[in-house]
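Right, one structure below, let's go through it.
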Amino acid sequence: MSTGKSGAPGNGASGTGGPRRSRAGGGNPSGARPSPVRPAANGMSAPVTPGRVGLYLLLLIAGVLVALAGTLVQAAWFPGGLLLALAGTGGLFYGGATATGTLAGALIPGAGWLLAVFVLLGQVRPEGDFLFGAGTSSYLFLAGGIVAAVICATVAQRRVAGVPHGRVGG
């Protein structure tokens, strides 16, 4: 048994006889055993059911359709069209994560959106026409859509992991 500075057992000088933990140790002062903590479920490992597969397929198709609509809208009305297209992408990604409750709910429509946008970027007709112009609006749409997907996936991942809101450490 260890003794403190005053010769009393434990690590404090109170002489109570029991071991005491410091505040930095994060101990449980009541002495009760903490409840077992279940590991947080991974957002990608939700049970695979036919309904979930169908929902993911719908989210993938919706990602492609939102990319097509956003491509046309963002170039039509510069400030308003770009904001509308980015709001649509962010709404789809966040809505997918909320509807499924998984990280995959944000990543699957994001993958459909990204696939459609880059397929549209790669399709150049012999006349030299393609759906994305070489302007600021097109680059903002591409970067903004990717940023929206990353933000929504991060928010979904924090929700799945059970990270509490509020101050850290208090």
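Residue numbers count from 1 along this sequence.
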Can you list the residues that meet the side-chain contact (heavy atoms from CB on, under 4.5 Å) rule with [X], with sequence neighbours excluded?
X      : value
Ile61  : Leu57, Leu65
Ser137 : Gln74, Phe78, Leu82
Ala153 : Leu103, Ala106, Leu107

Passes side-chain contact (heavy atoms from CB on, under 4.5 Å), Leu92 versus Trp113? Steps please. CA-CA 10 Å; Leu92 174 66; Trp113 182 87; 5.9 Å; no
Under the 4.5 Å side-chain heavy-atom rule for ILVMFWY, direct or indirect, which residues accompany Leu115?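 Hydrophobic cluster check, Leu115: joined to Val119.
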Side-chain heavy atoms under 4.5 Å apart, restricted to Ile/Leu/Val/Met/Phe/Trp/Tyr: what other residues fall into the cluster of Leu58, or is it alone?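 Members alongside Leu58: none; it stands by itself.
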For the hydrophobic clusters of this structure (ILVMFWY residues joined by side-chain heavy atoms under 4.5 Å, transitively), does one cluster hold both [X] and [Y]?
X     : Y      : value
Phe93 : Val73  : no
Trp77 : Tyr139 : no
Val64 : Leu84  : no

Inter-residue atom distance Leu60.CG - Leu55.CG, 0.5 Å rounding: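 Interatomic distance, Leu60 CG to Leu55 CG, rounded to 0.5 Å: 11.5 Å.
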How long is the gap from CG on Leu140 to CG on Leu83, to the nearest 0.5 Å?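 The CG atom of Leu83 is 9.5 Å from CG of Leu140, to the nearest 0.5 Å.
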Does Phe141 reach the side chain of Val117, with side-chain heavy atoms less than 4.5 Å apart?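 Side chain of Phe141 against side chain of Val117, heavy atoms only: contact under 4.5 Å found.
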Between Ile108 and Thr100, is any pair of side-chain heavy atoms under 4.5 Å apart?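 Sidechains of Thr100 and Ile108: no contact.
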What are the two closest non-hydrogen atoms of Gly90 and Ala148, and how far apart are they?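 That would be CA-CB, 4.2 Å.
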